[in-house]
Each structure stands twice: as C-alpha cells, then as structure tokens.
Amino acid sequence: MRPEILNPLFRPVTSLAGVGPKLALTLRRLLSGSEAGEPPRVVDLLFHLPAALIDRRNQPGIALSPEGAIVTLRIRVDRHQKPPRGNRRVPYRVYGHDDTGEIALTFFHAHADWVEKSLPVGETRYVSGRVEWFNGRPAMVHPDHIVEEADFASMPLVEPVYPMTAGLARKTLLRIVGEAVESVPTLPECLDPALRKKRAWPDFAAAITQAHHPVKADDLEPTSPHLSRLAYDELLANQLALALLREHHRKSAGTSRRGNGRLTAKILAALPYSLTGSQGQALEEIRADLAKPERMLRLLQGDVGSGKTVVALLSAASVIEAGAQAALMAPTELLIRQHARSIAPAAEAAGIRVAVLTGREKGREREAVLASLADGSTDLLIGTHALFQGNVAFRDLALVIVDEQHRFGVHQRLALTAKGTATDVLVMTATPIPRTLVLTYYGDMDVSKLTEKPAGRRPIETRSVSLDRLDEVVERIRAAVEIGAKAYWVCPLVEESELIDVAAAEERFAALVQVLGPVVGLVHGKMKPEARDRAMQNFLSGATKVLVATTVIEVGVDVPDATIIVIEHAERFGLAQLHQLRGRVGRSDKPSTCLLLFKMPIGDVARDRLSVMRETNDGFRIAEEDLRLRGGGEVLGTRQSGEEGFRVARPEIHADLMEIARDDARLMVATDPHLTGARGDALRILLYLFGRDEAIRLLRAG
C-alpha cells in the first residue's frame, strides 16, 4: 500500500481547480508525450520543472527599452484606436506615455469592452511584456500583465518558463503547478543527516518549492542546492531499488554449476587464436559466479570486435559440462543467424548441440526444436524474443545470455529467467557504457570488461570528407573493388521513418550500380528475412563487393574481409552509433578505412562528434564523450524505448551524486534489508515518490 502521506500527490490532476477532462488530456500530452492512458497525477506536475525564467524587474522607461527585451513600464493611458467596424484583421491599439516617450500597446482580435476596462484613458497602469521597435517607434503586442498602481505589488516580477504543448496557456499551467506545489506535504527526512548538512540541502518540500519559484538564473542550474537535493533523492530511489533487486536475486536460491573443462578445452583447441587477457579474466569471473550457490547477474561490456561471442560460448560450455542447458538471446534475426554462424565451427568441434529459434521457424521445424529443448537433446538455444513465448520449455535452463541488453527491458530479462530454476544471467553489450550509466541502469549487476582487441586486428583509419567530394569517394571505391576490396555504404538516417531511410538506400544503390555495375548489393530492415540473408551471403561470399545498407548492419554483422565503410551524412548519427558502424570493418589483419561523409554547414556538436571519431578507436572514451554531448537517456536509447528515465537527475552532471547514492543504498540494504527502521520508513516513501515501488514488492516477497 502506498503511504497515506503521499495521497495528495498521487491524486489525478482533475482534482485541481479548473482542470477538466479536456485539460487533463492536454496535460497528459505535455507530461508523457501521449494522450492515451490515465490522466496524469499531481506528482507528475511537480517534476515538470521550469527550463527558463522571465525577469520583469527591468523598468528602463519606454525610450530606453531594448529591442526584444521583456520590460515592465509605468504608463499613462492617452487614447484608444479601435479597428474599423467589421475588419478584425486590423489590431486594436492603445497609446500611452511616460517621461521618456510614447508606446503603442497592440491587441489582435481583442474584445473592445475588455481593453477599455483594462486600460481606461487618463489612468496610470503598469504593463509588462516584450518590446519591439518598428520604424523607430516602440510597441508591445499583447502585454502579459496589465495592473493598477495599487495592485503592482502582487504582479509576479519573476516568472518560471515551462516546456509547453499546443492548446495550453502559460498562465493556466502556472496556476495549476502553483496549486500542485502548495499541496506538497512535509515528508519524513530520508537523507543521511551528515550528507545533508555537508551539502547544505533544503528538505524535500522546500527544494520542490524553490525549483518552481526561481528568482535568478542560478536557480535553474542542475548543481543548485535545491535541484541537487531533488536529483539525489531520485538517484537514491533508483540505486535503492537496484540494490534491493540485487539482494533479492542473490537470496533466491541458486545452484552451483561447475564444469569439468572437457568442452572448454575442445573449443579452445578449435579456435584459430588464443584468448586475450581480458577475455580470460572475464571467463574466470563468470565461472566463479556459476560455481557459487547464488544466482549470477553479470554485465559483460566489450567494445566492437573484442570477442564477446567467444566468452558467451565458453560460459555456455561450462553449464553444459555440468549437464544443463543455455540460451543466447539477441534482438534481431540478422544477429541470431550471425551468432549461429560464428559459433557453429567451435560448437561442432566440442560436440555442443545448437538450435535456432526465431519467428521464422514454423510447423514441424519449430515443433522439432521445442521437443529437443524439452528432452535436453539441445544444449544451446539461440533465438530472438520468441524465446519468451509460453510454449518454449527447457529440460534444465541454467544460463541465459542476453546480447545487446539496452534493446531489452528488465521485464523481458525476468521473463526469460523464469524459464529455468535458479537461472544465471549474463548480459552482453557492444555499446561501451560510461561508468555513471552502468551504475544507473545496471547497478544490480557485477561487471566484466573486455578492453583488448583480439590479436592481429589493426586500428581503423578514420577520415571525414565533405559530400561535395562524393564523386571522388565513389571513384575511390571503384578502384578498391577492382583490386578485390569489399566495402559497406551506409545510408543516412533521414527522419524517424524507416520507410524514408529505405527510399534513400534504394536511391544510393541505383546510383552506385550505374557506376560500379552488378557488384553492388542492398540490405535494409524492410526486406523479407530470406532476401536479407541472401544479400548478406552474397557479400560474405564475394558475389557482391559493395553492400549498400541502412543501419540494420549496425549490430553484429561479421564480414572479416570488408575493409572500407562509407557513412553518408555522418553528422546525423550519434557517436555510439558511428562507432558501432565503424566496427563492421577492421575485423582482420588488413588495414581498414572509415569515411565519414558530411554536408556543410555542420553544427558544433556534430563537428565535435566527427573529430572524436577521427582521434580515437577506444569505445569507452567515445562513450564518455557521447554522454557529455547527448546526455544519458539518449546514449542508452531510453528516451526512445520508453524505459524509465530520470525526471530531475542528469547522469552526465550528477555523476558524483550517483556514486554516493550507490554506496548509501548498499549500506542501507546491508544494515536494514527490510527497511523497517525510522530511515527505512522514509526511504519506502521515497521509492513510491519516484515510481520505484516495484522494489517494495520485492521486500514483501522476502
């Protein structure tokens, strides 16, 4: 049950004065980006924070008001100039003056009665709004405030500016947010007293009040005391939920699984290279986890081409040696087939029986796969989210390996582990993740890192080239293909529309075929899986030498003898995506090149991205730069995928608070695991307040 003290904050916005169903719908669009679902709650308004402020304290006089500035003027009303009867397009003008000059107050589609009542001739009024100069004469269109001298003290001289949506008046939002802030109760203090004193943080109610009533520009800075306090509250709620999840996962019975090394030795003997130091280290950490009677929850981070798939296969071999089964899950069918191809030779050499399960397997073929899982004659299953479906049953699923975790939600991870008893989980990502984001989204996991490239791989030379030189680039590709090279040509992200991306790819394909002939292939996400596989197979075998593609090739495609990648309109891509795409080449001992084609003019952020790409091949450095340039939600794709992001905290700014919150949460779970002490009660309220109440259910489950 939600604590009673929070009830005023969790009531619907329709309980606020003047908010009916229509306005609630507009507010839902503003606060969640969608009109579907329940009306927002008061707490959602509280965390909709101002982005700027309007300062009306500037009172320079009419003649001294700068162009475009928001000012407050004390004027005497001189005369009204009404529009001609029946012509609503001509504005209603009211002229007034002060000691420095005259100004026109301009109203479009105004009600004459209201204007006459608000600005009576001969009276003094304070008006506030933006001044614009036309032909040396000042004007103020639709003043924001018109007040009598006696009411001047009540006029807000500093006003917050909120992100807005169509159909919502600024004054309406200010009024209802004001009412929401007034309803904030005094909550029991959940923070460590020493930390709060050291940071000079206000209590929660004071912090939220100050956040909505900024009086100077500094009050909007994420590092201000009140916003730091709110950010820490949110980070602490997040870290506490992850710490409780981790504790629950550890306590839920695990099974010790020790392999005898028989299959591992055969796989290592079949590999054409030896493991790198960090692969060996990661494998030791995984085996140690598997041998413990607690469940494993580990994140394996590895840069593009660092050899995660081999570590995954060797981890699976350990549980298969102990008589159990493993599953490897990836987000796309292309990646599934890729894994199956790259694993096949070593798995075959070791006698590991591998099956593939995607949406494509139908009828008898699918039934045969399901039967082999149920009777244990399949050791390792590779598949897409089809693995979640109810009729997929394993004889003894011991290890789930999830590739490209940021494409899967936590709920899917839990659904898959439910397919076995005491299932261990290994999550892999080829997107190097900055430390602060690892803590944010994977704080419940232990982390292993692959930091080296397999022996014999060479760094990729990266250059940026203006699209004005497109003909030269095409000519260079033609010359390279003639001497046996293979190249990718990645087409731009056009809009948030895959169809338009596909049209761009088909256009580029047609243009390159004209110059290079039938050696050009095409692959994109809208093709049928069979056609896509055929295009990839042609490129792999050398039947085609240039593969035009959308970003469908971003993850996992492995063609070792491809040595050139051209990325068109590189300025439209994020850093992590550029790095992922570049990782499609440089997968052998041949020198490789990445050409980033950009169109002028180019913005500062895009220029920074291209320069980072030229300077380094280190995915972890690139990830930190990406976080700096884009912010956490964009880096992990949580803003697009609907995963719970942060409302106040900014991982790229509050990294130091993240570390403190992590340590605080872990200490709390160690000393008061059921959150039953005085501070524990306050922390339960915090979990509800920031929507992390799933963690409370874990407490109840013991």
Side-chain angles (χ1 to χ4, degrees), residues 17-18 23 50-162 164 167-179 181-182 212-217 219-220:
L23 182 51
L53 59 81
I54 294 173
D55 190 344
R56 302 188 188 281
R57 289 173 293 197
N58 186 16
Q59 299 182 42
I62 293 171
L64 301 173
S65 298
E67 164 67 30
I70 288 173
V71 298
T72 300
L73 303 172
R74 181 178 180 273
I75 66 165
R76 189 168 181 80
V77 180
D78 295 330
R79 66 187 191 281
H80 286 229
Q81 182 182 304
K82 296 182 182 181
R85 188 181 292 277
N87 188 347
R88 302 268 294 166
R89 285 184 299 182
V90 176
Y92 190 131
R93 289 189 173 90
V94 178
Y95 292 90
H97 75 276
D98 66 9
D99 294 342
T100 69
E102 185 183 56
I103 190 165
L105 307 178
T106 307
F107 300 89
F108 290 92
H109 308 295
H111 291 286
D113 295 351
W114 176 83
V115 179
E116 285 168 354
K117 189 178 170 189
S118 303
L119 293 158
V121 173
E123 296 279 336
T124 297
R125 291 288 183 267
Y126 278 91
V127 294
S128 187
R130 191 178 301 279
V131 170
E132 293 166 358
W133 288 78
F134 301 99
N135 299 325
R137 294 168 180 271
M140 187 182 285
V141 178
H142 288 282
D144 299 322
H145 294 276
I146 302 169
V147 298
E148 296 178 34
E149 283 192 281
D151 298 330
F152 178 61
S154 65
M155 189 177 99
L157 291 178
V158 177
E159 279 184 325
V161 178
Y162 291 90
M164 296 296 284
L168 181 63
R170 201 163 55 79
K171 282 186 179 172
T172 305
L173 184 61
L174 279 170
R175 180 181 58 73
I176 56 181
V177 168
E179 191 184 333
V181 171
E182 280 172 20
H212 286 283
H213 296 100
V215 292
K216 56 188 188 302
D219 291 342
L220 299 168

Would you name the heavy atoms of S65 and W133 that are closest together and state the gap between them? O-NE1, 2.9 Å
Going by an N to O cut-off under 4.0 Å, is there a salt bridge joining E102 and R79? yes
What one should report as the nearest heavy-atom pair of A17 and I176 is O-CG2, 4.1 Å
Which atoms form the tightest heavy-atom contact between V90 and P83, and what is the distance? O-CB, 3.2 Å
With side chains defined as the heavy atoms from C-beta onward, is the minimum distance between M164 and L173 less than 4.5 Å? yes
CG of L105 to CE of M140, rounded to nearest 0.5 Å, is 6.5 Å
Would you find more than 12 non-hydrogen atoms of other residues, nucleotides or ligands less than 6.0 Å from R137 atom CZ? no
Return the set of residues passing side chain to side chain donor-acceptor pair (under 3.5 Å) with S128 (not counting sequence neighbours), or none when no residue passes. R56, T72
Quick one: NE2 on H111 to CD on E116, what's the gap to the nearest 0.5 Å? 13.0 Å
Between T106 and P91, the two heavy atoms sitting closest are CG2-CB, 3.6 Å
Run the side-chain contact (heavy atoms from CB on, under 4.5 Å) test on V127 and I103 for me, step by step, so that the C-alpha distance in whole Å, both residues' side-chain angles and the decisive distance to 0.1 Å come before the verdict. CA-CA 11 Å; V127 294; I103 190 165; 5.9 Å; no
For P138 versus V131, what's the shortest heavy-atom pair and its separation? CB-CG1, 4.2 Å
Considering non-hydrogen atoms only, spot the tightest contact between I75 and G96 and give its length. CD1-CA, 4.3 Å
Does any part of the side chain of R74, heavy atoms only, come nearer than 4.5 Å to the side chain of Q59, both counted from C-beta? no
Take Y126 and H145 through the test side chain to side chain donor-acceptor pair (under 3.5 Å) and record every step on the way to the result. CA-CA 8 Å; Y126 278 91; H145 294 276; over 6 Å; no
Any donor-acceptor pair under 3.5 Å linking the side-chain atoms of H213 with those of E159? no
Report yes if the distance between the aromatic ring centroids of H142 and F107 is under 6.0 Å, otherwise no. yes
Side chains of V161 and P50, heavy atoms from C-beta outward: is any pair under 4.5 Å? no
Could you check whether atom CG of D99 has more than 12 heavy atoms from other residues, nucleotides or ligands sitting under 6.0 Å from it? no
Close side-chain approach of L157 and F152, heavy atoms under 4.5 Å: yes
